[in-house]
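First up is the structure itself, then whatever we jot down about it.
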Amino acid sequence: MNNAWTVEFSRILVVVTASILIGLSTGYWTLGFLIPSTIYIGWTLVQIRGFERWIRLGAKTNLAPDSSGIWQLIVQHIHRIQKKDKERKARLKGMASRFEATISALPDATVVLNSHLEIEWSNDAAKEVLGIDLSKDLGQRFDNLIRLPVLSQLLTGKVDNRQLELISPVDGNVTLIVTVTDFGDEQKLVTARDVSQRIAVQKLRKAFIANASHELRTPLTVISGYLEMMDIDENLPVSVREPVNSASQQAKRMKKILDDLLILSKLEEKGHSKESGEKVNMPELVAQLTSDFEKSRAKGSHQFELEIDQSLHIKAVESEVYSLCQNLLSNAVKYSNPGTLIAVRWRHCENGGACLSVEDSGEGIAQEHISRLTERFYRVNVNRSRQVGGTGLGLSIVKHILENHGGHLKIESELGKGSTFTACFPAYRTCSTKVIDG
Ligand code: ADP
């Protein structure tokens, strides 16, 4: 048995012995038991009082009550718990400061916000690129310090996107990608990454492609012109006829690639505002294009089946919409067998926007290629694309045109069964007109 308990039982034994002795010597048994028990209870109460006072004053080691027996044991237990607690606290503090030092050293600006969007913590990078200084801005609303409607929408989750590109409020030359992540008790973690270098490289690459295409175009036009002249020259020796014809075809193909690259770089330069463009009579444009296709191809090549909402027009850049329709229609023709049907539909779509869908029953596309079709020069089958005069840039152009108009491209396809390409324009681009019969 524990030493402390032995001491405590000895005390009780003394009380009982004293009670018996008093009872025996005086004959008053009740009094005999009452006097030692009262002394023992009184002593215990004094111990409890001292113990309660010690705990109330913070249970400091140097102020521990001077006790023995079971009370000493309880004080020892409390000391042990306190010691463990101190060690745990020191460990946690160490971990917290190491964690804070790590986050502070992160190259990305990091800001922690509470549920009221007030700043709870930020690192050094946040000061550099967002201008948030924790020593001054602690407790301030983040959206009061950086006043941007798009940022407020991002923080309040009013936009689907959780990422945003913005110019640093501290340095106009720095572009940031800001990401908002929810965590904990409605808290938010805002991180901002400096992507200026990546954007500069992208701009450089685009400028290089645009300049190279532009510079190559003129000499190529001259070469291709001469080759074409030679190709139709009846006096050309038979032995060189075939190579000249082939060189002329290749020069034309290269010219088409350069033209498409130039179109793409122009599309990448400009995004359109919501108000941009003019009213485009889509029913007329689609009818014109399909009829041109029918005329330019051998009779019976493909049959177009039109389902057009005659009253549905859009506000857009006409030359771009023309290029979009042309690319989708020519792909349907290129990648489906002559004699098959191509269904062209122009109508309202679910979200109030307008959609042009081109459906063919051609070779179709395997699922693994679909997400990559709008990449530059991505072709499912390079030889097949070359055979039909493709450049691998058509769908990339279509995607950019739609993005510039706030729309998107939907691709559905099944290998061996056919494909449907749907160009969707947002509701704010649509304008309906009354159709007058006759
Ligand atoms: P290309 O000039 O090669 O046609 P695009 O960018 O227009 O380039 O199309 C990319 C690739 O997508 C094509 O090479 C082809 O493999 C595939 N593709 C596009 N449209 C269709 C279609 N209607 N049916 C089947 N495959 C298609």
* Asked: Among all residues two or more places apart in sequence or in another chain, which pass the side-chain hydrogen bond (donor to acceptor under 3.5 Å, both in side chains) test with Glu307?
  -> Arg345, Arg347

* Does a donor on one side chain and an acceptor on the other come within less than 3.5 Å for Arg80 and His77? -> yes

* Can any side-chain N or O of Ser265 pair as donor or acceptor with the backbone N or O of Lys206 at less than 3.5 Å? -> no

* Applying salt bridge (Lys or Arg N to Asp or Glu O under 4.0 Å), which residue pairs with at least one partner in residues 373-394 are found, sequence neighbours left out? -> Glu268-Arg376, Glu363-Arg384, Arg372-Glu375

* List in chain and number order the residues that pass side chain to side chain contact (heavy atoms under 4.5 Å, CB included) with Ala64, two or more places apart in sequence or in another chain; answer none if no residue qualifies. => Trp54, Val75, His79

* Asked: Is there side-chain contact between Phe421 and Asn331, with heavy atoms separated by less than 4.5 Å?
  -> no

* Asp108 and Thr191 side chains, donor-acceptor separation under 3.5 Å -> no

* Side chain Asn327, main chain Leu395, donor-acceptor under 3.5 Å -> no

* With Arg53, which residues qualify under side-chain hydrogen bond (donor to acceptor under 3.5 Å, both in side chains), at least two apart? -> none

* Asked: Do the non-hydrogen side-chain atoms of Val111 and Trp121 ever get within less than 4.5 Å of each other?
  -> no

* Asked: Taking Gln367 for the side chain and Ser413 for the main chain, is one N or O donor matched with an acceptor at less than 3.5 Å?
  -> yes

* side chain to side chain donor-acceptor pair (under 3.5 Å) pairs, two or more places apart, involving residues 32-48 -> Glu8-Tyr40

* Count the heavy atoms of every other residue, nucleotide or ligand shown that sit under 6.0 Å from NZ of Lys127, and state whether that count exceeds 12. => no

* Report the residues that fulfil side-chain hydrogen bond (donor to acceptor under 3.5 Å, both in side chains) with Gln288, sequence neighbours left out, ordered by chain and then residue number. => Asp292

* Sub-4.5 Å side-chain heavy-atom contact between Val180 and Leu164 -> no

* Could you label the plane-to-plane angle of the Phe293 and Phe304 rings as parallel, tilted or perpendicular, counting under 30° as parallel and over 60° as perpendicular? => tilted

* Asked: Is a donor on one side and an acceptor on the other found under 3.5 Å between the side chain of His302 and the backbone of Ser336?
  -> yes

